[in-house]
Protein chains: 2
Amino acid sequence: MEKTGQPTINDVARIAGVSKKTVSRVINRSPLLNDDTRKRVEDVIGQLGYIPNPQARALALRRNFLIGLVHDNPNAQMVLNAQQGILEALHGTEFELVVRPVDRGSATMLDDVRHFLERQRLFGVVLLPPISENDTLAKLCTSIGCRYVRMGSAQLDDPAHMVTSNDSQAVTAAVNHLIEQGHRRIGFVAGPHGFRSARERREGFERALSEAGIAFPRSLSADGTYRFESGIIAAERLLDLMPRPTAIFACNDEMAAGVIHVARQRGLEVPRDLSVIGFDDTAIASHIWPPLTTVRWPIASMARSAALKIISTTADNDDGAVEEPSMFRSTLIRRASVSSPTE
Amino acid sequence: MEKTGQPTINDVARIAGVSKKTVSRVINRSPLLNDDTRKRVEDVIGQLGYIPNPQARALALRRNFLIGLVHDNPNAQMVLNAQQGILEALHGTEFELVVRPVDRGSATMLDDVRHFLERQRLFGVVLLPPISENDTLAKLCTSIGCRYVRMGSAQLDDPAHMVTSNDSQAVTAAVNHLIEQGHRRIGFVAGPHGFRSARERREGFERALSEAGIAFPRSLSADGTYRFESGIIAAERLLDLMPRPTAIFACNDEMAAGVIHVARQRGLEVPRDLSVIGFDDTAIASHIWPPLTTVRWPIASMARSAALKIISTTADNDDGAVEEPSMFRSTLIRRASVSSPTE
DNA sequence: TTGTACGCGTTATCAT
DNA sequence: ATGATAACGCGTACAA
């Protein structure tokens, strides 16, 4: 028992009158074991409340049981959804989740992550967007022998290392919805430059307009940073336009909330005077007035799948993970921020 | 180097021409070391890129370097803020953060947590409210020798195991703000029964009214669950009252958002026809219209302090942690959802 | 100031 | 089917 209080495999072995290797076999469900020795050992285990020490296991097995979540996502709900999904995958296994936010702005970001991965010798990491779009980071994982799966809106890597949502198509569907309602002057609030998701969403937007034969003058496109305030600035400009757009698609919910904010300040009623669609379906989408029509991407499912890819990957079988789905569909959630234009 | 690729302490010792104990001393900054041997060893370490194996250290030291965050908080922003604070405290140390959401509704919750703590032999855990209010859980930590610090709105434990915010006083200040504006009929949307924070906030509310000599009829108090929807239901009832309350204090921002939601549906303008104050200052507070006056509690600072208490606690010195602050002040954030009553 | 020998709790090898 | 013995990488007595 020692002074730690926790019984060890030696205690179990001694009391059960077997060798510790036998106890080890019981723990690891070795098939070649006499049924009554197994029973006897299991009884002692239960009686002592013995729990194998993960650190010792990690040492002997030359691998640990930690899965990392590396993220720089500013949206709390999305990060937590991702954590939720990973934890679902890890439930019932011996893996634990350790989280690591990083600062993409920092010059030492890559070194920080490298240090983290090397120090902890993580079994694998899930990379959340937008940091997941960093190819150097992925290469870093490979170079130090850390399994990884990236989450993202475009297939940046092979399926064993990637779970992808179809942002682009989902945006096309969302904008088609606006077009079907009769909208023709549709404003666009972009995501930040350099973000792959922002590019995908823009492409989806432009495709919808182009397929419907609707022009997309530059004036109808406003920059954004995925932040609330940038939605405000973008809306200020778009709503100054003459004629005003009858609808605005914002590349995420926060910016869409900013758009609605400005519309209200100007006495415009949503959706009567302006239809708005966002993206992400985070909590804010259903909490603002009117409830926001938006695109939901299944982040928890994606994260779960990512984690499953990692823990089902064995050293020699890098693509056992492929069996886990790699493509996920984002879908339009229709709420109350869209109607036909009234003019 | 072995086949793992990572150099070990033995590699360093061999190449530097010293014993591994000497290397160990360098790593652990032992004072009794010749300067040039230290230098020589450090050179080899840098050259090899040697990083001590945390699992092996954990095994030898009979303790690991994992800090847990146990939570059942439905608010993503608050959980993430807490994670942020803990990670700040852990930065530069060898500790890592592992997260564990629990389901307070589950009958097996305590067993789940116990299993988690015993299996991973965590160095310590930070308990986030509302689960932190569970005394049985705290006792469980003690009984299995896991350090813990609880976060909460009332001092439920001694300072070595607790960081506390003054919710009650903060609410009093918030309600005083309403009273100063001239409000006399102030509605109250409560938090869920059994939550200590809900009780504290109610007490703060009642104290403010009582000190101002204002009556608080039962009709002005509505139940809530800290969720948006419950804010809606509560507001429906409160705004049916004749005469209507001129202000409503909701025990958290989500419910306050629900109140504003209903007010708008009824054609009431906030704050002209109704002033609203929330609690928590989560992202939603600044993203709704009008921006919500609310109480901000310094959750990240509290979590940081909690983590520091844990890692500065040594086995024999349980209260070295006391030096870390235990009391934190929540403050009123004035935005645009409060004005004088217009009637 | 530095080294030797051993222990931490587990798994792997190779016997029997 | 089971056991003795040696790893795994690091820390600590205790000795030198």
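Convention: sequence-line order gives letters A, B, ...; per-chain numbering from 1.
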When you measure from the side chain of [X], which nucleotide among [options] comes out closest?
| X | options | result |
| --- | --- | --- |
| Asn53(A) | dT10(C), dG9(D), dA12(C) | dT10(C) |
| Ser24(B) | dG9(C), dT12(D), dT2(D) | dT12(D) |
| Leu59(A) | dG9(D), dC10(D), dG3(C) | dG9(D) |

Base, sugar-phosphate, or nothing for Val23(B), non-hydrogen atoms under 4.0 angstrom?
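Nothing: the residue Val23(B), judged by heavy atoms under 4.0 Å, touches no strand.
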Practice prompt. Name the nucleic acid region contacted by Leu61(A), choosing base, sugar-phosphate or nothing; use a 4.0 angstrom heavy-atom cut-off, strictly under.
Written response: sugar-phosphate
[X] side-chain N/O to [N] phosphate OP1/OP2 under 4.0 Å:
| X | N | result |
| --- | --- | --- |
| Asn34(B) | dT2(C) | yes |
| Ser19(A) | dT2(D) | no |
| Arg25(B) | dT1(C) | no |
| Thr37(B) | dT2(C) | yes |
| Thr8(B) | dC8(D) | no |

Whole angstroms only, please: what is the [atom1]-[atom2] distance between [X] and [N]?
| X | N | atom1 | atom2 | result |
| --- | --- | --- | --- | --- |
| Asp11(A) | dG9(C) | CG | P | 8 Å |
| Lys20(B) | dA5(C) | NZ | P | 12 Å |
| Asn28(B) | dT1(C) | CG | C1' | 16 Å |
| Ile9(A) | dC8(D) | CD1 | C1' | 15 Å |
| Arg119(A) | dG9(D) | CZ | C1' | 14 Å |
| Arg62(A) | dA7(D) | CZ | P | 11 Å |
| Asp36(A) | dA1(D) | CG | C1' | 11 Å |
| Gln55(B) | dG11(D) | CD | P | 13 Å |

Could Asp43(A) and Arg40(A) be called an ion pair, given the rule that one side-chain N must be under 4.0 Å from one carboxylate O?
->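 No.
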Review point. Is any side-chain heavy atom of Ile311(B) closer than 4.5 Å to a side-chain heavy atom of Leu308(B)?
Key: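 Of all side-chain heavy-atom pairs linking Leu308(B) with Ile311(B), at least one is under 4.5 Å.
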### Query
Do Lys20(B) and Thr8(B) meet the criterion of a side-chain donor-acceptor pair at a distance under 3.5 Å?
no
message: For a quick check, tell me whether the side chain of Lys21(A) and the base of dA12(C) share a donor-acceptor pair closer than 3.5 Å.
response: yes
Only one of Phe95(B), Phe65(B), Tyr148(B) clears ring pair (Phe, Tyr, Trp, His ring centres under 6.0 Å) with Phe123(B); which?
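The ring pair (Phe, Tyr, Trp, His ring centres under 6.0 Å) with Phe123(B) is passed solely by Phe95(B) among Phe95(B), Phe65(B), Tyr148(B).
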Going from CG on Leu97(A) to CD on Gln83(A), what distance comes out if it is rounded to the nearest 0.5 angstrom?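 Here the rounded value is 6.0 Å.
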Whichever of Arg57(B) and Arg38(A) has the more 5' nearest nucleotide on DNA chain D, that residue is Arg38(A)
